[in-house]
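Below: the structure, in structure tokens.
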Amino acid sequence: MLTFNAQIRNNKGKSSNRRLRIINKFPAIIYGNKKPSISIELWHDPVKNIEIKSEFYNEIIFLIIENKKIKVKIQAIQRHPFKEKITHIDFIYI
């Protein structure tokens with residue numbers, strides 16, 4: 001069981017996403033299952049360290065947002081073209 005802490009992202013757009021990446025965070029979104037989508041931000045290093053493991057892509061991930069646990073799976077990951085950085089993740093509700 002993988003668990004990550006996330007915060008709701010209030011500012012959206014290219015410039016706010018760049019500011020997130022400068023402070024070692026990255027944007028993400030949760031959508032699907034006829035629920036409203038949630039824009040979130042995650043710390044890069046904990047996710048990058050777990051990403052190496054195969055269960056990261058196959059198992060259910062718990063995101064803790066405002067003291068609520070949300071069950072999700074990874075839909076898509078976007079990476080930087082030549083740096084070992086995650087730039088965005090799409091999660092889907094379970």
Side-chain angles (χ1 to χ4, degrees):
M1 178 172 75
L2 303 173
T3 305
F4 297 109
N5 291 322
Q7 295 84 33
I8 292 182
R9 186 168 40 119
N10 296 322
N11 299 329
K12 297 177 182 128
K14 189 185 288 189
S15 62
S16 64
N17 290 344
R18 285 182 180 166
R19 282 189 216 110
L20 280 178
R21 292 181 186 114
I22 288 171
I23 60 170
N24 205 24
K25 288 186 173 185
F26 64 91
I29 190 163
I30 308 169
Y31 58 85
N33 206 6
K34 297 183 182 176
K35 294 182 182 179
S37 62
I38 302 173
S39 297
I40 60 172
E41 58 188 56
L42 295 160
W43 286 101
H44 184 270
D45 292 343
V47 176
K48 184 65 179 166
N49 291 338
I50 301 293
E51 180 209 13
I52 300 166
K53 299 179 181 179
S54 64
E55 59 263 13
F56 180 73
Y57 300 98
N58 300 327
E59 290 188 10
I60 295 173
I61 298 172
F62 289 97
L63 295 176
I64 300 173
I65 304 170
E66 297 179 345
N67 296 323
K68 290 194 289 187
K69 263 188 172 177
I70 299 175
K71 291 185 346 181
V72 297
K73 278 191 130 180
I74 292 183
Q75 179 70 21
I77 296 180
Q78 297 172 8
R79 293 180 177 81
H80 193 276
F82 58 89
K83 295 179 185 177
E84 290 189 23
K85 292 273 191 180
I86 298 171
T87 58
H88 191 273
I89 296 182
D90 290 356
F91 294 103
I92 55 171
Y93 287 106
I94 300 292

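Since the model is a prediction, treat every value here as computed from it, not as a measurement.
Of all heavy-atom pairs between Asn5 and Leu42, the closest is O-CD2, 3.5 Å. The minimum heavy-atom distance linking Thr87 with Pro27 is given by the pair O-CD, 3.4 Å. Pro46 approaches Phe4 most closely through the heavy-atom pair O-CE2, 3.8 Å. In terms of heavy atoms, Asn24 sits closest to Trp43 at O-CE3, 3.5 Å.
With salt bridges taken as basic N to acidic carboxylate O contacts below 4.0 Å, none links Glu41 and Arg9.
Expressed to the nearest 0.5 Å, how far CZ of Phe91 lies from CD1 of Ile70 amounts to 10.5 Å. With rounding to the nearest 0.5 Å, the separation of CD1 in Ile94 from CD1 in Ile30 is 11.0 Å. Between Ser37 atom OG and Ile92 atom CD1 the span is 14.0 Å, to the nearest 0.5 Å. How far CD1 of Ile64 is from OG1 of Thr3: 5.5 Å, rounded to the nearest 0.5 Å. Distance check: Lys25 NZ to Arg19 CZ gives 13.5 Å after rounding to the nearest 0.5 Å.
Looking at heavy atoms from C-beta onward, Arg21 lies out of side-chain contact with His44 at the 4.5 angstrom threshold. You'll find the side chain of Ile86 stays beyond 4.5 Å of the side chain of Gln78, heavy atoms only. Looking at heavy atoms from C-beta onward, Tyr31 lies in side-chain contact with Gln75 at the 4.5 angstrom threshold. Asn11 is not listed as a side-chain neighbour of Leu20, based on a closest heavy-atom distance of 4.5 Å or more.
A continuous path of ILVMFWY side-chain contacts below 4.5 Å connects Ile8 to Ile61, so both sit in one hydrophobic cluster. In terms of hydrophobic clustering, with Ile, Leu, Val, Met, Phe, Trp and Tyr side chains grouped at heavy-atom distances under 4.5 Å, Ile60 and Val47 are assigned to different clusters. Taken together through direct or relayed side-chain contacts under 4.5 Å among Ile, Leu, Val, Met, Phe, Trp and Tyr, Ile29 and Leu63 form parts of separate hydrophobic clusters.
With a 6.0 Å radius and a threshold of 12 heavy atoms from other residues, nucleotides or ligands, Lys53 has its NZ atom at or below the threshold.
If you check the side chains of Glu51 and Tyr57, you find a donor sitting under 3.5 Å from an acceptor.
Side-chain atoms of His88 do not come within 3.5 Å of backbone N or O of Phe26 as any donor-acceptor pair. No donor-acceptor pair under 3.5 Å is formed between the side chain of Arg79 and the backbone N or O of Glu84. With Lys71 contributing its side chain and Tyr93 its backbone, the two residues share no donor-acceptor pair below 3.5 Å.
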- request: Please report the C-alpha distance between Ile77 and Ile74 in whole Å, then the side-chain angles of each, then the deciding distance to 0.1 Å, and finally whether the side chain to side chain contact (heavy atoms under 4.5 Å, CB included) criterion is met.
  value: CA-CA 8 Å; Ile77 296 180; Ile74 292 183; 3.8 Å; yes
